[in-house]
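Okay, so here's the structure we're looking at.
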Amino acid sequence: MTTQQDIGDAAATAEDPYAAIGELGTAPLWRYYGSVLPKQPEPRAVPYLWRYAALRPYLLRFLEELSLEEAERRVLMLLNPALQDPPATTTTLYAGLQIIGPGETAQAHRHTSNAFRYVIEGSGAYTTVNGERVHMHPGDLLLTPNWHWHDHYHEGDDPMVWLDALDYPLTTNCLDVNFFELYGERSQKSSVPDDLSSRQFIHGQLSPAWEVAHTEASPVGNYPWAETRRAFDAIADDAVGTEAEGILLEYKNPITGGPVLPTMGCRVSRLRPGFRGAAVRRTSSAIYHVVHGSGVAQVGDVQLDWNEKDVFAVPPWHRFELRNDSDTEDAFLFSFTNEPVLRALGFFREDLPDASGAS
Ligand code: GTQ
């Protein structure tokens with residue numbers, strides 16, 4: 001029989017006490033300060049850019065070769081080179097490019113993860129979200145908040161492509177809280193007038209008083225590009241905007257005034273010709289989609305040259321500087337971040353260079 005005394009003796013005489021405590025499922029903190037308490041964030045994700053012009057032909061090829069009965073969703077996940085398994089675009093955010101062809105349906109399901117779509121090309125598709133058909137046009141932002149049923153249907157003539165965004169790297173890879181369920185039928189029936197939520201809330205200062213917040217998420221199904229465009233047009237030509245991202249507009253939850261989803265905030269910015277942003281550093285991570293124009297993002301040591309419809313990832317705590325190199329054309333960038341999560345938990349930090357230009 002092993003006594004307490006024997007165990008004490010073994011510990012006192014063990015040739016390699018580090019190996020011995022390892023066998024007992026422990027590790028010495030004093031050898032792990034660098035990984036447990038780094039001086040500053042050391043994200044595994046790297047700055048990276050996905051070229052739309054290179055990916056689009058493959059989307060079209062899979063449209064030809066793979067049915068939605070087989071694929072369920074025909075999506076090319078945008079994987080950060082440092083986050084292949086489990087797959088993710090940044091540590092807590094995911095983006096993918098989804099293509100759907102005329103007449104196709106992507107079957108109804110729901111999941112814990114919040115999601116949204118940002119439409120890149122095509123028209124004639126809609127997503128049904130908890131019984132509301134939400135129609136898509138290029139530049140529209142469509143929400144499918146946590147645990148909302150959603151299926152996609154395309155009744156147009158040309159392929160449709162959109163950017164998918166989900167917070168599953170947070171819910172699945174970090175927190176292990178994701179549930180997923182298929183709907184009983186392939187598609188939901190329409191149960192309210194099409195696009196009702198967007199039409200009800202579009203007037204901004206006059207919102208329906210009986211609509212109260214049921215969840216953290218915005219009740220708006222679609223934030224259409226036509227409204228985004230009007231919002232930009234209403235801003236004075238000489239407005240300075242933000243130092244880092246120019247004329248920056250934030251998509252709002254009309255009930256709370258907060259971000260559109262509890263885990264992901266969405267913005268769109270207009271960079272005037274020749275715009276050069278201040279080099280900002282934030283604890284949030286971000287994914288950008290180029291709506292229009294071309295330019296440069298310097299992210300830490302990496303220079304990303306972006307063109308129309310490209311997507312790029314900005315990991316936390318990298319110095320980030322945006323430029324519109326055109327002398328004549330505005331650039332428009334759609335972006336989303338995990339800032340709402342960080343703000344809710346008190347972890348958001350932002351560091352702009354001081355006015356002298358020193359960082
Ligand atoms: O369209 O519902 O890119 O559930 C990943 C998971 C898209 C979708 C994705 C999804 C969807």
Side-chain angles (χ1 to χ4, degrees), residues 50 52 55-56 58-60 62-63 66-80 83-101 103-122 124-136 140-156 159-188 217 221-222 260-261 263-264 266 287-289 309 311 313 334 336 338:
W50 292 265
Y52 191 73
L55 291 170
R56 188 176 186 276
Y58 288 98
L59 287 166
L60 292 171
F62 284 115
L63 180 65
L66 185 72
S67 75
L68 278 193
E69 279 66 32
E70 291 168 275
E72 209 164 308
R73 301 289 197 260
R74 199 185 288 101
V75 179
L76 299 184
M77 304 193 293
L78 304 182
L79 295 195
N80 195 288
L83 303 173
Q84 304 274 317
D85 189 20
T89 311
T90 72
T91 312
T92 72
L93 301 173
Y94 154 91
L97 295 172
Q98 177 159 178
I99 187 164
I100 184 167
E104 287 190 317
T105 55
Q107 69 175 328
H109 69 207
R110 64 179 175 180
H111 34 67
T112 306
S113 279
N114 292 281
F116 69 78
R117 289 149 237 301
Y118 189 85
V119 183
I120 297 178
E121 59 172 291
Y126 61 80
T127 294
T128 307
V129 183
N130 279 0
E132 180 184 322
R133 288 181 176 170
V134 187
H135 290 84
M136 307 184 179
D140 290 1
L141 168 67
L142 284 85
L143 306 183
T144 41
N146 136 288
W147 214 236
H148 283 47
W149 295 111
H150 54 285
D151 50 88
H152 315 309
Y153 179 60
H154 187 17
E155 52 190 6
M160 236 12 262
V161 182
W162 61 76
L163 182 77
D164 283 319
L166 279 86
D167 60 12
Y168 84 72
L170 176 70
T171 59
T172 306
N173 304 347
C174 303
L175 300 176
D176 283 327
V177 293
N178 210 7
F179 294 85
F180 171 88
E181 202 168 75
L182 284 176
Y183 193 65
E185 292 159 62
R186 188 163 176 86
S187 305
Q188 300 171 73
N222 186 3
V260 291
L261 294 166
T263 52
M264 294 186 283
C266 295
I287 295 172
Y288 285 76
H289 162 71
K309 299 184 169 63
V311 181
F334 170 82
F336 65 105
N338 61 358

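Order of listing sets the numbers, starting from 1, for every ligand and every atom in it. Position 1 is the first residue of the sequence, and the numbers go up from there.
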Put together the list of close N/O pairs, under 3.5 Å, between ligand 1 and the protein, could you?
{"unit_1": "ligand 1", "atom_1": "1 (O)", "unit_2": "Arg73", "atom_2": "NE", "d": "2.9"}
{"unit_1": "ligand 1", "atom_1": "1 (O)", "unit_2": "Gln98", "atom_2": "NE2", "d": "3.1"}
{"unit_1": "ligand 1", "atom_1": "1 (O)", "unit_2": "Arg117", "atom_2": "NH1", "d": "3.2"}
{"unit_1": "ligand 1", "atom_1": "1 (O)", "unit_2": "His152", "atom_2": "NE2", "d": "2.8"}
{"unit_1": "ligand 1", "atom_1": "2 (O)", "unit_2": "Arg73", "atom_2": "NE", "d": "2.9"}
{"unit_1": "ligand 1", "atom_1": "2 (O)", "unit_2": "Arg73", "atom_2": "NH2", "d": "3.3"}
{"unit_1": "ligand 1", "atom_1": "2 (O)", "unit_2": "His109", "atom_2": "NE2", "d": "3.0"}
{"unit_1": "ligand 1", "atom_1": "2 (O)", "unit_2": "His150", "atom_2": "NE2", "d": "3.0"}
{"unit_1": "ligand 1", "atom_1": "3 (O)", "unit_2": "Tyr94", "atom_2": "OH", "d": "2.7"}
{"unit_1": "ligand 1", "atom_1": "3 (O)", "unit_2": "Asp164", "atom_2": "OD2", "d": "2.8"}
{"unit_1": "ligand 1", "atom_1": "4 (O)", "unit_2": "His109", "atom_2": "NE2", "d": "2.8"}
{"unit_1": "ligand 1", "atom_1": "4 (O)", "unit_2": "His111", "atom_2": "NE2", "d": "3.1"}

Once side-chain contact (heavy atoms from CB on, under 4.5 Å) is applied, do any residues pair with Glu181, and if so which ones, sequence neighbours excluded? Arg110, Trp147, Trp149
Scan side-chain atoms only and decide if Glu132 and Tyr126 contain a donor-acceptor pair under the 3.5 Å cut-off. no
Do Asn114 and Asn146 pair up side chain to side chain, a donor and an acceptor below 3.5 Å, judged on atom types alone? no
Salt bridge check: are Glu104 and Arg74 linked by an N-O gap of less than 4.0 Å? yes
Partner set under ring-ring contact (aromatic ring centres under 6.0 Å, His included) for His150, not counting sequence neighbours: His109, His111
Under the ring-ring contact (aromatic ring centres under 6.0 Å, His included) rule, collect the residues that match up with Tyr94, sequence neighbours excluded. Tyr168
